[in-house]
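In what follows, a single structure is set out as structure tokens and then discussed.
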Number of protein chains: 2
Amino acid sequence: MDDVRWLTDGEQEIWRAYMTASVEFSAYVDRQLRRDSGMPMAYYEIMVRLSEAPGRCLRMSELADASLFSRSRLSHAVAALEKNGWVHRRPADADRRGWICALTPAGFEALAAAAPGHVTAVREHLFDVLTPEQLDTLREIGRAISSGLRTECDTARAEDAAACEAGDAERGTAAEEDGSDDPRGMAGAC
Amino acid sequence: MDDVRWLTDGEQEIWRAYMTASVEFSAYVDRQLRRDSGMPMAYYEIMVRLSEAPGRCLRMSELADASLFSRSRLSHAVAALEKNGWVHRRPADADRRGWICALTPAGFEALAAAAPGHVTAVREHLFDVLTPEQLDTLREIGRAISSGLRTECDTARAEDAAACEAGDAERGTAAEEDGSDDPRGMAGAC
DNA sequence: TACGTGTGGTTGAACTTTCAATACCAGCGC
DNA sequence: GCGCTGGTATTGAAAGTTCAACCACACGTA
């Protein structure tokens with residue numbers, strides 16, 4: 001019970017610095033998106049993932065994994081996006097349990113309109129304030145934390161995740177056309 | 001309009017690594033707290049701040065600043081904490097606009113019970129997976145981002161924040177006694 | 001073919017957060 | 001004192017998230 005390895009003062013300092021920055025930064029970015037584009041960051045995230053996918057559409061479960069959403073959260077979020085006309089659901093043709101979520105032209109436009117402000121916010125408050133070395137380290141830190149979370153009890157999950165790689169079927173019915181100029185979806189938009 | 005400095009592929013990689021880790025990590029920590037202690041991380045955060053304050057109490061506005069909550073969010077959260085009996089509000093005696101929020105003995109106990117699991121989660125998934133050099137850099141990264149966010153339009157705020165340092169009045173009516181053993185509140189508990 | 005199990009996805013209720021509006025009080029100028 | 005301006009805190013409604021069922025279908029097995 002009392003063999004807890006409490007944080008030292010130095011660790012405490014690191015922890016607070018990290019948490020504070022992380023909370024402040026994401027609050028800033030989220031407010032920027034809500035204010036300037038009327039969408040929370042979570043929706044932006046979903047639409048970016050869709051925009052990068054072949055045909056600008058993904059199965060719900062793939063979209064959930066890509067955007068780190070729980071299935072339930074994604075269902076609700078997609079329902080809201082659909083109400084906005086930014087996204088559209090249709091049944092998957094190979095597996096009758098599944099649904100394909102596709103970005104609509106209006107959704108792509110909304111995303112394209114939101115991206116410049118968002119990217120600018122990220123650049124100014126993340127990339128411009130850190131040195132190249134710090135940025136390198138940040139990438140490594142991110143990787144280390146993420147991979148650390150995929151161990152332990154989750155080991156089981158990690159194991160059968162290895163056997164995974166299918167799922168690229170269906171999706172053929174490509175999203176509605178859209179005379180857009182960006183050949184790679186909205187990649188680069190964060 | 002098109003002078004947006006889009007992210008390069010390398011920057012994209014850094015951004016994704018950071019965001020992924022940040023989201024996964026905080027989701028993990030939050031779920032750990034909810035599952036094992038029945039409180040969201042936000043509540044834990046509030047109670048830690050209170051536990052560290054002299055007399056284990058703070059004015060609502062000070063608490064909001066300390067925990068990075070908006071005032072409205074804090075009002076709602078404290079209302080919930082109060083319903084749980086973990087916290088208690090009384091009017092500030094010097095300034096009749098203000099309210100003092102105090103940690104109750106039950107609140108302190110709940111915090112003390114939650115801390116070991118939380119600290120362990122943080123240690124195992126943050127401190128144990130990073131090298132000392134990475135941790136040093138993480139602290140600097142945090143500081144750089146936070147201070148970068150306190151410039152620009154917020155410059156005004158930063159200015160009058162300098163003139164601030166009062167606010168240590170009232171608070172005398174110290175929180176209910178509590179035969180606890182930890183002399184420094186719950187500092188070290190993250 | 002029928003059954004049991006597991007996956008994909010949705011739903012409703014409870015909870016949390018945001019946003020805008022409100023009430024209340026302090027401090028200042030007159 | 002009186003009105004003004006600004007700070008402190010709360011409120012209610014709307015939006016978003018979590019949690020625990022739940023339904024429908026796929027797949028393996030008998």
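This one's a predicted model, so the numbers in the text were calculated from it and none came from an experiment. The chains referred to below are lettered A, B, ... by the order of the sequence lines, with proteins before strands, and numbering in each begins at 1.
Whole-Å rounding puts the M41(B) CE to dT17(C) C1' distance at 16 Å. Rounded to whole angstrom, the span from the CG atom of L74(A) across to the P atom of dG8(C) amounts to 13 Å. Regarding F69(A), its CZ atom lies at a distance of 19 Å from the P atom of dG8(C), rounded to whole Å. Rounded to whole Å, the distance from CG on D30(A) to P on dT17(C) is 13 Å. The separation between L33(A) atom CG and dT18(C) atom C1' is 15 Å, rounded to whole Å.
Listed by chain and number, the residues in a side chain to side chain contact (heavy atoms under 4.5 Å, CB included) with Q134(B) are T137(A), E140(A), I141(A), L130(B), T131(B) (sequence neighbours excluded). Every residue two or more places apart in sequence or in another chain that forms a side chain to side chain contact (heavy atoms under 4.5 Å, CB included) with S70(A) is listed here: S72(A), R73(A). Listed by chain and residue number, Y43(B), I46(B), F69(B) satisfy the side chain to side chain contact (heavy atoms under 4.5 Å, CB included) test with A77(B) (two or more places apart in sequence, or in another chain). Remark: R34(A) engages D30(A), P40(A) in a side chain to side chain contact (heavy atoms under 4.5 Å, CB included) (not counting sequence neighbours). Taking E24(B) as the reference, S146(A), R150(A) meet the side-chain hydrogen bond (donor to acceptor under 3.5 Å, both in side chains) condition, with sequence neighbours excluded. With sequence neighbours excluded, the residues satisfying salt bridge (Lys or Arg N to Asp or Glu O under 4.0 Å) with R5(B) are D128(A). Residues satisfying the side-chain hydrogen bond (donor to acceptor under 3.5 Å, both in side chains) test with R31(A), not counting sequence neighbours, are none.
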- request: Scan nucleotides 19-25 of chain C nucleotide by nucleotide, 5' to 3', and note B when protein non-hydrogen atoms come under 4.0 Å of the base, S if they reach only the sugar-phosphate, - if neither.
  value: B-----B

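Ranked by how close their nearest DNA chain C nucleotide is to the 5' end, S70(B) and M60(A) are led by M60(A). Annotation: of the two residues near DNA chain D, Y43(A) and W99(B), the 5′-most nearest-nucleotide partner is W99(B). Of the two residues near DNA chain D, V78(B) and A80(A), the one whose nearest nucleotide lies more 5' is V78(B).
Using a 4.0 Å cut-off, no side-chain N or O of R71(A) falls inside it from OP1 or OP2 of dT7(C).
The pair E62(A)-R71(A) does not count as a salt bridge, with every side-chain nitrogen at least 4.0 angstrom from each carboxylate oxygen. Electrostatic pairing of R123(B) and E11(A) counts as a salt bridge here, judged by a charged N lying under 4.0 Å from a carboxylate O.
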Donor-acceptor contacts under 3.5 Å from residues 79-87 of chain B side chains, at least two apart:
residue, atom, partner, partner atom, Å
E82(B), OE1, R89(B), NE, 3.2
E82(B), OE1, R89(B), NH2, 2.9
E82(B), OE2, R89(B), N, 3.0

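R90(A) is listed as a side-chain neighbour of H88(A), based on a closest heavy-atom distance under 4.5 Å.
Sorted by first and then second residue, the salt bridge (Lys or Arg N to Asp or Glu O under 4.0 Å) pairs involving residues 110-121 of chain B (not counting sequence neighbours) form an empty list.
Residue-level contact check: R89(B) touches the backbone only, with heavy atoms under 4.0 Å from sugar-phosphate atoms and none from bases. Counting non-hydrogen atoms under 4.0 angstrom, S75(A) reaches a base of the nucleic acid. Within the nucleic acid shown, A64(A) has no heavy atom closer than 4.0 Å to any nucleic acid atom.
Heavy-atom contacts of chain B under 4.0 Å fall on DNA chain D between two terminal nucleotides, which in 5' to 3' order are dG6(D) to dC19(D).
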Are there any protein N/O atoms within less than 3.5 Å of an N/O atom in nucleotides 1-4 of chain C, and if so, which ones and at what distance?
none

